[in-house]
Each structure stands twice: as structure tokens, then as C-alpha cells.
Trainee: 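One structure, pasted below without further comment.
Just so you know, these numbers come straight off a predicted model, no measurement behind them. Chain identifiers are assigned alphabetically (A, B, ...) following the order of the sequence lines, protein sequences preceding nucleic acid strands; residue numbering begins at 1 within each chain.
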Amino acid sequence: MADTTKAKKRRRADPESSSSDQLQLPFKNRLKPDSVILESLHSLLKSTSSSSSTSSKPLTLSDLSLSSACREVTDLSLLSVQSAIESLILSLTHSILSGRGFSFNVPSRAATNQLYVPELDRIVLKDKNTLRPFANNSSVRKSTITAKILSLIHQLCLRSIHVTKRDLFYTDVKLFQDQTQSDAVLDDVSCMLGCTRSSLNVIAAEKGVVVGRLIFSDNGDMIDCTKMGMGGKAIPPNIDRVGDMQSDALFILLVEKDAAYIRLAEDRFYNRFPCIIVTAKGQPDVATRLFLRKMKMELKLPVLALVDSDPYGLKILSVYGCGSKNMSYDSANLTTPDIKWLGIRPSDLDKYKIPEQCRLPMTEQDIKTGKDLLEEDFVKKNPGWVEELSLMVKTKQKAEIQALSSFGFQYLSEVYLPLKLQQQDWL
Amino acid sequence: MGTSMETGGESPAEFFAENKNIAGFDNPGKCLYTTVRELVENSLDSAESISELPFVELTIEEIGKSKFNSMIGLVDRERIDEELYDDYETAKAREKRLAKEARAQEMQAKNAALGKKFKEQPAAKGMKGRGEASFYRVTCKDNGKGMPHDDIPNMFGRVLSGTKYGLKQTRGKFGLGAKMALIWSKMSTGLPIEISSSMKSQNYISFCRLDIDIHRNIPHVHLHEKRINDDRWHGAEIQVVIEGNWTTYRSKILHYMRQMAVITPYAQFLFKFISDTSDKNVTIKFARRTDVMPPVPLETKHHPSSVDLLLIKRLIAETSKQNLLQFLQHEFVNIGKAHAERLIGEMGPEFSPKMPIKSLTDQQIVRIHQLFRQAKFDDPTGDCLSPAGEYNLRLGIIKELHPDMVATYSGSAQVFEGHPFVVEAGVSVGGKDVKQGLNIFRFANRIPLLFEQGADVVTRTALKRINWASYKINQMQDKIGVFVSIVSTKIPFKGTGKEYIGDDITEIATAVKYAIQQCCIQLKSKIMKKMQAREQQERKRNLSKYIPDATGAVYDVLREMAQLHASKRKHYEEEDADILKKVSARLITKDTLTEKLAQHVEKVDYEMALEYATQSGVSEEPREYIYKRLNLKTNSSTSTVPSLFSD
């Protein structure tokens, strides 16, 4: 068995990696031939596609009879966004002209106005609104910025062009002061108009990258993600221009960190085990989340996640899975259901004998975050996750993906991931 | 102790002469500073001990080299062999220096031409060899108790190791006072110290000129006589000539005087610096602002938890009590008769209440010590302490910093290792001569601490453990004054110079944090009120500031819509179409919107002002009292206590 692996390796990898090197990698001898591993992946794919085909129509908010009313946004055409802004501005004008000043009625995005719906497995926004009157010391700034953003979006609609959030900020730096303010109001505006942020024609700078067995069209150009070099293809910010997805991959591998992504991309992990590798380099941006959802929906592939073994890794996983509180109004379009937690899981630390010096003690803040996460519904619904997280809080140890490098830089792609896949060790 | 001198051992005076840095005599500058301190603190103690409001006059007089030489009867000698001296400049070095100066000048000219700001080149140091020392005559005059005529030589000319029997909150850190200054003057100038003193109801002034025989630790009296006392002065005047460094320690000495004035507002200080160059002269008067003096600290007995083996032995040697029971009962605080009996029972069968105290063996004393360490005793009370008092602290802060706002807090007595301590704190915001950010003022037993601030418990607490933002105080931009005064029978100083209190004592750290927080809580409500009031004033301006932006944004959209409407590319409802037509016809312009919105702002502002007036009318508090107080100060120089302050 070891022979075949070695033979395969020699064919596949560079001849530099000497056999003595490989002997040092622990657990290497437990690896079965790749064909066996692929077998298990095929079965995963089958079960995923069959489960998604049974409930072919995903649940929506309207299907559920929730006690409290919830708010959701939809993709709107440019014209309808324009009309929505115009009618809003006209009502403001009426109000100003009649001497009543003006105020915006903005859906609240505060934590108290969020609701996790277990049936949908994501966070949604409840229907509480806050009034943002102009003639008030505490809201005058925000309402002025809101008016300004509305007028800017209106211009985008007229000209039907896309700009970035940064562009938007630079139109009036003096008023916005810093970009977080204009960004926050931008989310308020999409909430208020009831459309997704992409419908406003405002995009964020590219952050996520994808590499692997995926072919899609970006604004008419066909992209083959196996031929994008080592860095992969930047995920396009406007998802509406992405289409024609094709793939022969067996799964999607979601990676938290850039470092692990580069390792996997350089080792051409996707050629050994056909897959698509995606990372958003930390907290995912809107474009990456949209892209992941689109892949999942169109290609019906299982999604496996490789994140750090710390509370933040799980948090990032939750953002992909059930959405962030900040963007909960659009959770329907941004979340990808059924993400499997592949690693690094707290139980892996002992299972793979990760040396003590590579583990880090959790700070007070980490432990608090971990305990808070244990209270979150999206964790509670998955007993396996609760168990892992409890273990993490109990041992008070965390480890980053890079901790695996203590066995050699390529341990991740050569041993850890194949072994995990072989054992079908995901939750 | 007397024996050790004759047997050839080191005399205490010798010990301190050799280790002068532990008493704060590290270098000439620090020596000048410490001399000032010791003299001033002695004066305050002396005046307070007879409940007299202190008046301290301190003069530092710079003495030039030739003047100093003439004082010691040395003839000024010109240098003949220049090359002999350390600061001799060889031809090569001179060339180098001139080239460097020329370069610097060129740079300056260039910078000036470009209009750039440039740092003033530090004036070329007038090369100072070791020989070029500066000398100062330090004179300190007070209105204190004075000293008995016959005791003066021994009070100054003999260094005694601390043989204080009881325990007391004292200002001095080593109890050496002027003796160290005398040793330093002996080491640096060789000139004697001059003491004038008179006690109340004495009709003469004792004058004494003496120096110290360091090796034998005895005073060497030059002159000791009685002089006439015409103006019935009582107190002491001490004059000592020492080597020092005014240039580098000027600010420290001035800070010391200023902070001393903060913590001792009932004292009057007159500080003078006199030199040949008149522009360097300084005269500062720190006026007395109150005549309320804190009580004199009381001497107290030791707390059983605080004594060590040596101390027990000394207490046994010095006690007048006969048996163990009486000894325990009378030589310690918080041990009653019944308690003492129980303790003796616990010590073991070989102890009995009636056993003579002097018969205790070393082992038995160790046993007593062990029990003292393990047994539980009531905490000592803070009665023996004399904190500055909240009122005095507050007054001192207001007087010296003129802050916009101030809050003070006085904690109750707490205990650390058997020694009671009291923490008082004051926090001020704003003021003159206060820099932005945190300004920390530390006091221990009512003397300012100026050195080694970084490691001090107060600094650490204020910087790291107080969340200023939660009290609406901006740590970076507000001018914050933090004053913490700790008094105790034993201050747990750290470092050789006893210049800071360590951060590792939880009891003190917690008390300091709590005291500062209490001040901040008081300030917060004041700041909030002020912010509200300011908001009221600025609301209209703040709202109006945004009118052009808001109406501009709305109008931009309207204009675009009007164009679309005019070109019939889009259809609008009737009422809306009406507006758009008006926009096209320029009947509605940006100015129209601005005007309407401004009217609305005006109306809202009026309504809210009315509402605020009705609300704050109900719960009016004297929130401007500091300003009232400051006005009051300019009118009257007497220090009556306005009731406004006692909140």
C-alpha cells in the first residue's frame, strides 16, 4: 500500500521530496490509495446531490409562518431602484416644502432586531424600524449622509454603471469622514429600498479568490480556474455577470486563510482530488459569499470548510453558513446551507498529535467568544459542533491551520486533508 | 551603637557617605533636589508639630567659582599649561568643530530659505570638565518649633540609625533630614552648616556653625552661641553650601514646590533662586489658601501582623512591662486582655501569662512571631494617620491648576501587612499649565513623588485600569489631572531612592483604582450635564451645518427627475409631476428647500430649548460652582470655607 502511494507521489510531485522526508510525516502510512479516498468523495457527492434534489425548492421566509414579521430584500432591476429612490425623494420634498423637515424610516440592523430561523438555518432581520429625523442632534449626520447616498445611487442608476464602496466614499470625503460611515449607510439604504446591495450597483473591492476545477464566464469571458496560475482567479465583485458554471469537481473546499490556500493551490491539490478551492482571506466579503452560494446551488457540490481551530474560525464558518448580523436583511442570497466542518477541529489537536509548542493558549477574550458561540442557535443545531466547541473551551487551546506545518510545509496537502477525506471526518 | 565606632567598624555617617545614593544623593543635581526636599519637609513637620500654619522660605543662591574660592580662602589661579586640562582643544579637534559648525550654519540658512521650521541648534556646550562644578547656598527658614539650644550639635552632627520606638506616619523617608545634606556638603564643599533657631518664649536665638566628623560620627562645632531675638521669631533657619546642578534639576525642584503647594495648601512657601545673571532668577510665592490643617499624625503601637523577629526583640528589650501578658496587652494594638490570654494559651505549655518578659528564650520569641503571623487580628484603625483631607486636596488642586472641573474622594482606612493606609484621590479636567492627556501627581505621606513614575502603582492604575472613555473623559485630548495621596505608617516604597510605590500590592492597587473611579463617577455626571448644555447651545449651529448637504442631495435627484420628466422619458404621478414642473421652471430651487428646512430647524430648536428649560429647571444643581469659586478667590484672599465645596 505504501508502495503505491509512493509511486503515485513520484509521478505526481517533484522528485525533490525524498523518501526519507516522507517517512517523517506521521499518519502517512494510514493513507489508503487515492482511488479509495475518491470513492468516499463520490459517495458524499451523491448524497449531497440527492438530498438537494429531494427538497428541490429551498424554503423561503414566506413558506414559514413565523410569529414575528421578518424582512427580506430581493434583487431589483436598476429601473425599480431608480423609481424607489425617486418616490422616496419626492416624499421628502413634500415633507420639506410643507415645513415638516424630513426623516428616514430605516430598518434597524441592531442585534435585538435579528432572528435565527432554524428551519432556514440562517439569520433574518425582524421588522423593527428606527426613525432618522434630520432635525435632531444625534441623527442629523446620518440622515444627511443617507440623503447623499440616495442621490449618488440615483446617479448610478441613470448612468447604469458600477462603482466601488471606496468610490462612493470619495465623492464627499468631508461629509462621510470615514468609509465605515458611508458603508453603514449604504447597507441601511439597501434595507430601506428593499433591494440587495448588488442591485444598488455598488460593489466592494475584490477579496476572495478561487482556484480548481471550475469553468465560468465573467462578463462574457470564459475562465478556466485550473489555468489561472498559482494565485487563482479573483472572485468578481458583481455576481450578476457570472454565469455558465461547469465543473467536474467532487466538492468545494472552503479555506479560511490565504496561507493554506496558497499551499493547496501550489500543490495542485485540486488535481489529485477534483475540487474547487475558495478563500476570502479571513472574514468573507459579500462577493465571495454570493459566489459560494451560486456554486453550491448550480453545481450541487458538497462544501467542506477548513478553518482555524479557534472561535473566530467557527465564526467565519457561521458567516458563510447563516449570514452575518450586519447583512441579515439579505441572508437569503448570501448564505450557503449545509457547510461541513472538515478541520482543523479541536479534537484534531490530539488526534493528529499536534505538538504542544504549536498550540496557543486561548486568551480571556477567546474563551468568552467561545462560550458566547455555544449559546448561538446555529452552533446548537449541530451536536457535533457543540461537542467540538465545548472541547475547545475546556482545553483552552487553539491552533491555526499553519500549526500543521510543524510536520513539514506540505503535511496539510499530503497527509492531513487526504486522511480527513478518507475517514469522511467532517461534521 | 556608640561602641561600633570605637571598634573600628563603619560609623553610620560613613555608611551613608559611601552609599549616599540610597538616600537620594545620586549626582550633584539630585543632591540639590534632595537637600531642598529634606529641608522643606523638616520645616513643615516642625511647624505642624506646634500646630502653627507653616511658612517656609527657601532660597537657593548660586555661587560662582571665584566667589566660592574666596569663601574657602583659596586664591583664583589662571590656567597656565592649557594642555594639562581635560577640556583642552587640540588643533585638530578645533578644525573639526569649526567645520561642523559651518555645516550646521549652512543647513540652517537653507532651511530658513525654504521657510522650514528647524530646531534651534543646542548651543555648543561650554565644555565642562569635572573641575567646573557649581555651588549653591541653600537656605531654609521656617516658623516651626525650633530646637533646644544644647541639642543642636547632636541633632545635626550625629547620624543615628532609626531608634524610633513607636510607629507613626512621617514625611521623611529615611529620618536623616538635614544630616545627609550636611554629609554631602562636607563631601563636596567642606563648608560647615549654619543653624539659627529659636523656640517659642525664648528671648534669644541659638546660632551654631558646625560640621560633622564622618569617621567618628560626632559633631564638630565651630561656633555655638546665643544671640538676641528682637522680633520674637521662633523656628529654624538652616544654611548649607553644597555642590549641585540647577540647570538640570530646575524643573524638578519647581515641580516639587508646586506639588507641595497642592498637597499642603495651608502652608505658605516663598521660593527664590538667586544668581549673578539676573535673568535666571526665579521668585515664586505659593500663597496660603486655607487655615485648616490636618491633625498631627499620632504615634501608634505596632500591629501584631506587621512586626518582625528583630522588632519583637527590640520591643522586649525596651518595654517597661514586667510579664508576657502585660507586654502583649500594652505594646501592641488590637490585643485586649482576654485576647492576650488566649494567645498565650495557644503558644504552648511553656508559656504563661505571668512569666517575666525578659526571660523569654530566642526559641520562644520565634514561637511568638510565628503565632503573630498566623493568628487573626482586627485590622488597625486609621486613626493614627493624618491624610491631607479631601478638602485640602481639592483646594490645592484648584489653587495650583485652576481646572474646569474637579472631583475628590477620600477612602476609608485599609490595611496592608498590618499597616493602615488611606488613599485619597482627586481628578481634575482642564486648567492652566496642564498638558493634554494624563498628568499624574503622586503623594506619599503628603510629600510629592517625582521620580520613577512609570512603575508606580498610581501611574499604572491610571493608564491601564481606568476606562476613561466610559466617564466621558478623553484620555488623549482632555487635560486630566490625577492626584493620588497615600498615607500610611509604612509606605511600601520600591527602588533605591524610595521614589515610587510598587504595583504588586493588590490592596493598594485596588484602593487606588477605586478612589480614582469614585472621582470619575462624580465628574461624569458633571461632564454629561455640561455636554447637554453645550448641545443645547450648539444644536442649531450643528443642524444648520448639514442643511446645504441634505438639500443639495435632494435637489440633485429632483433636477435629474425634472429633466427626465421634461423629456417625457418617464411618467410621474400628478402631484409629483407638479413638483417636477416647478423644479424645471425654477420655482423650486435648492434655495427653496434650504429655506424651508432652515425654518423647520429653527422651530425644532425652539421647542427643544423650551423643553430643556422646563426639565433642567426641576433638577437644577449648582453645576457652575467651580467658576463661582474662582471668582470668589479673586475677591478675597482670606480662606473661608464655602459650603459649596463640601459636597
Trainee: With heavy-atom distances below 4.5 Å as the criterion, would you say the side chains of A/T93 and B/Y555 are in contact?
Mentor: no
Trainee: Would you please say whether a donor-acceptor pair under 3.5 Å links the side chains of B/D556 and A/H154?
Mentor: no
Trainee: Please state whether the side chain, the backbone, both or neither of A/R100 comes within less than 4.5 Å of a heavy atom of chain B.
Mentor: backbone
Trainee: Quick one: CG on A/L97 to NE2 on B/H600, what's the gap to the nearest 0.5 Å?
Mentor: 13.0 Å
Trainee: Could you tell me which of B/T592, B/L558, B/V601, B/L564 has the largest number of non-hydrogen atom pairs under 4.5 Å with chain A?
Mentor: B/L558
Trainee: Give, as side chain, backbone, both or neither, the part of A/S143 having an atom under 4.5 angstrom from any heavy atom of chain B.
Mentor: neither
Trainee: Taking A/K148, A/Q82, A/H94 one by one, which has the highest count of heavy-atom pairs under 4.5 Å against chain B?
Mentor: A/H94
Trainee: Could you have a look at B/K545, B/M561, B/R539 and say which one has the most heavy-atom pairs with chain A under 4.5 angstrom?
Mentor: B/M561
Trainee: Between A/N137, A/L158, A/I96, A/V140, which has the largest tally of heavy atom pairs under 4.5 Å with chain B?
Mentor: A/N137
Trainee: Counting heavy-atom pairs under 4.5 Å to chain B, which of A/D172, A/L88, A/L175 comes out on top?
Mentor: A/L175
Trainee: For a 4.5 angstrom cut-off between non-hydrogen side-chain atoms, does A/R141 reach B/N542?
Mentor: no
Trainee: Measure distances from A/L92 to the heavy atoms of chain B and classify the residue's part below 4.5 Å as side chain, backbone, both or neither.
Mentor: side chain
